[in-house]
Amino acid sequence: MSNNSTAAAEFDGCESDVGVDASDKLIRFVVHGVLLNLIGAGGLLGNALSVLVLTRPQMRSSINCLLVGLAACDTVLILTSVLLFGLTAVYPYTGLLHHYYYHVCPHLTPYAYPIANAAQTMSVYLTLIVTVERWVAVCHPFRAKALCTSSRARWYVLGTAAFALAYNAPKFFEAEVVARRDAAGALVYCVTANLDFRTDSYIVVYIHSLYMIVMYIVPFTALAALNARIVLQVRRAQAERARLSRVQRRELGLATMLLVVVLVFFLCNLLPLVTNSFEVFLGDQFEKLDPLVKTSNLLVTINSSVNFIIYVIFGEKFKRIFLKMFCGGGPRRRSTRDSPEHTRDDSFASCGERVSMRIARNGTLRRSEARGSCGPRGAGVGCGAAGCGGGGGRGARRAPSPAPAPTVYYPAASTDLSSAGASVANDARWNGHARHHF
């Protein structure tokens, strides 16, 4: 932080406040001061509820571990958006929050700005990892057992966080705080760009070129390609929906939910992509697009806030657990169905016939086909008037079936039994390098 400019302060307040039209102040207040703050508050509540539900023992899985990390990133992104944009939009139009505008926010910005960019980067690549995880589960189901585990998911989250912090580390040196005097002679603090660090080469290489590649080109291309494959598998599974088991239908619902998350991600980040591209090519003329920048920041906040709503609408199990936790109700079902170990099975196709394999508690293997079928004649099993019995005797007692066993589900290799997944999103969505931040 630099305080040596206090003596040389001859401007009335900060330079960023000079020459701002009343209409611009109004737009900033409505978009950031009202809408962004309200949506951000709802998003913080929704993300907190999502974490509470996703961390329940019944929801334990690799995909939910990644979704918890995504919710944490969205929470950090919303907080920094409110601190940098939402609260600072109140004072220029209403005159309220003067102390925060000139004393608190300037000292927060050099730290909140790079943290916000790190949260954005982590969120983008967690979304990509979720997509890869779903792609493996859908298109390469027999490799999912080794790759899609909760322990690996935790390492993916930690590795993504380390990459995000390392990539955005230079942003801690982009801004500096200077002290000045306003028209009344009171001391105020302003945030300015560190021109010694933000050289022309730094802006061209790191802020413009590398940002477009890392935050947009690579993740957007990968997300589009992987989700296209997942959508094909979902459509094939829907065509054979009547032949799918209950667990496979649940997996199909999960795929639909995650596809909606990705769709919302693309819609909310299209405008930020356009505004960042315009900044690269327009240069000084970019200041005329400031209303679009404010709108893109609002869309970023919306994208970080709506995942909870998507989970409730499209996530059957998420909604059931949520209602059970907070509403004391929900559909009454057997408690064993809420546990992940009782809701999965290994399925595959053999000679065009669906066969379900279940591993029982005692280590034996059960093969279930049509419930009413009987074994071959000569195999020691006969069919009587009352059904199938050992030895074919009318009075023979029916052998007890094994107890329900914990099983593991992997989507079928054949196209008619494949379950689909999708990615989550959240976001190349911070217009972090826009000039109006400083």
Side-chain angles (χ1 to χ4, degrees), residues 31-32 34-51 54 66-86 112 115-131 134 160 164 211-212 214-224 226-227 256-277 291-315 318 422-434 437:
V31 176
H32 285 174
V34 177
L35 296 179
L36 189 146
N37 285 331
L38 290 177
I39 295 173
L44 292 176
L45 177 61
N47 289 332
L49 294 175
S50 297
V51 171
L54 293 173
L66 295 174
L67 293 181
V68 169
L70 186 62
C73 295
D74 286 338
T75 300
V76 174
L77 195 58
I78 293 173
L79 283 174
T80 51
S81 297
V82 171
L83 293 176
L84 294 175
F85 302 134
I115 290 174
N117 281 270
Q120 173 200 8
T121 305
M122 183 177 176
S123 182
V124 170
Y125 282 90
L126 276 182
T127 301
L128 182 58
I129 292 174
V130 168
T131 305
R134 288 288 86 194
T160 306
Y211 184 86
M212 289 293 295
V214 173
M215 300 302 298
Y216 288 101
I217 297 177
V218 171
F220 272 53
T221 303
L223 285 172
L226 293 174
N227 279 283
T256 304
M257 180 189 74
L258 296 179
L259 285 173
V260 173
V261 171
V262 175
L263 177 62
V264 173
F265 167 77
F266 276 111
L267 292 177
C268 291
N269 286 278
L270 181 61
L271 183 59
L273 172 62
V274 172
T275 55
N276 281 281
S277 302
L292 290 180
V293 176
K294 293 180 173 61
T295 305
S296 67
N297 290 334
L298 177 63
L299 291 175
V300 165
T301 306
I302 292 174
N303 189 201
S304 300
S305 305
V306 299
N307 282 346
F308 171 76
I309 299 176
I310 297 175
Y311 298 159
V312 171
I313 295 176
F314 295 95
F318 182 94
S423 60
V424 174
N426 235 352
D427 8 12
R429 52 205 183 199
W430 175 274
N431 194 22
H433 59 271
H437 291 306

Whether the side chain of [X] engages the backbone of [Y] through a donor-acceptor N/O pair (distance < 3.5 Å, no angle test) should be reported.
X	Y	result
T295	P291	yes
N47	S304	yes
T221	V218	no
S296	V293	yes

Angle between ring planes, F220 versus F265, binned at 30° and 60°: parallel, tilted or perpendicular? tilted
What's the separation between atom [atom1] in [X] and atom [atom2] in [Y], rounded to the nearest 0.5 Å?
X	Y	atom1	atom2	result
L263	N227	CG	CG	10.0 Å
Y211	I217	OH	CD1	12.5 Å
L45	T75	CG	OG1	10.5 Å
L223	F266	CG	CZ	5.0 Å
N297	S81	CG	OG	7.0 Å
L270	T275	CG	OG1	9.5 Å

Looking only at heavy atoms, which two atoms of [X] and [Y] are closest? And how far apart?
X	Y	value
N276	M212	CB-SD, 4.3 Å
C268	L299	O-CB, 3.4 Å
N269	Y216	O-CE2, 4.4 Å
M215	T121	SD-OG1, 3.5 Å
V214	P219	O-CD, 3.2 Å
G69	L126	C-CD1, 3.6 Å

Go through V261 and Y311 one step at a time and tell me if the side-chain contact (heavy atoms from CB on, under 4.5 Å) criterion holds. CA-CA 9 Å; V261 171; Y311 298 159; 4.2 Å; yes
Side chains of [X] and [Y]: does their closest heavy-atom pair fall under 4.5 Å?
X	Y	answer
L54	F318	yes
L298	F85	no
I78	S305	yes
S123	L77	no

Stepwise side-chain contact (heavy atoms from CB on, under 4.5 Å) test for V82 and L36:
CA-CA 7 Å; V82 171; L36 189 146; 4.1 Å; yes
